[in-house]
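Data block below; observations after.
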Amino acid sequence: MRNIHPADELAMVLADIDWLRQREAFLRRGFLGDTLPRHGDEAVVEIAVFRSRRFLRDKLPPGILENEAYWGTQCTEHVKVRPR
């Protein structure tokens, strides 16, 4: 493997991840739409359905939504790569 700059390596890794996510989405659509066979030589695809409760924020009264006492602040750092 050749020696490459870490920024270039990260850009390559992210491009690979993007391609893999697109491929995964294509395969998932095929399995969920029952257009792809689910039994392979080394793996079997199973479809499971999970149900969960979800909080409906838009149902809260404006007094709660606008009250700062109910809100917190969270900081998240993101690493972004752009072409030179």
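Since the structure is predicted, the reported quantities are computational estimates derived from the model, not experimental observations.
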For L65 and R57: C-alpha separation, side-chain torsions, deciding distance, then whether side-chain contact (heavy atoms from CB on, under 4.5 Å) applies. CA-CA 8 Å; L65 289 173; R57 187 178 155 218; 3.7 Å; yes
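Separating the NZ atom in K80 from the CG atom in L10 is a distance of 13.0 Å, to the nearest 0.5 Å. The line from OG1 of T73 to CD of E68 is 8.0 Å long, rounded to the nearest 0.5 Å. In this structure, D34 CG and R29 CZ are separated by 15.5 Å, a value rounded to the nearest 0.5 Å.
Hydrophobic clustering (side-chain heavy atoms under 4.5 Å, transitive across Ile, Leu, Val, Met, Phe, Trp, Tyr) keeps L60 apart from L56. No single ILVMFWY cluster, assembled from side-chain heavy atoms under 4.5 Å apart, contains both F50 and L32. A single hydrophobic cluster is seen to contain both I47 and L27, as judged by linkage of ILVMFWY side chains at heavy-atom distances under 4.5 Å, directly or through other members. One hydrophobic cluster, built from ILVMFWY side chains closer than 4.5 Å, holds both F55 and W71. By the rule that hydrophobic residues join a cluster once side-chain heavy atoms approach within less than 4.5 Å of another member, V45 and F26 end up as members of one cluster.
Nearest heavy-atom pair, A7 versus V81, reported as atom, atom and distance to 0.1 Å: O-CG1, 4.4 Å.
For CZ of R28, the number of neighbouring non-hydrogen atoms (other residues, nucleotides, ligands) closer than 6.0 Å is 12 at most. More than 12 heavy atoms of other shown residues, nucleotides or ligands fall within 6.0 angstrom of atom CG in D58.
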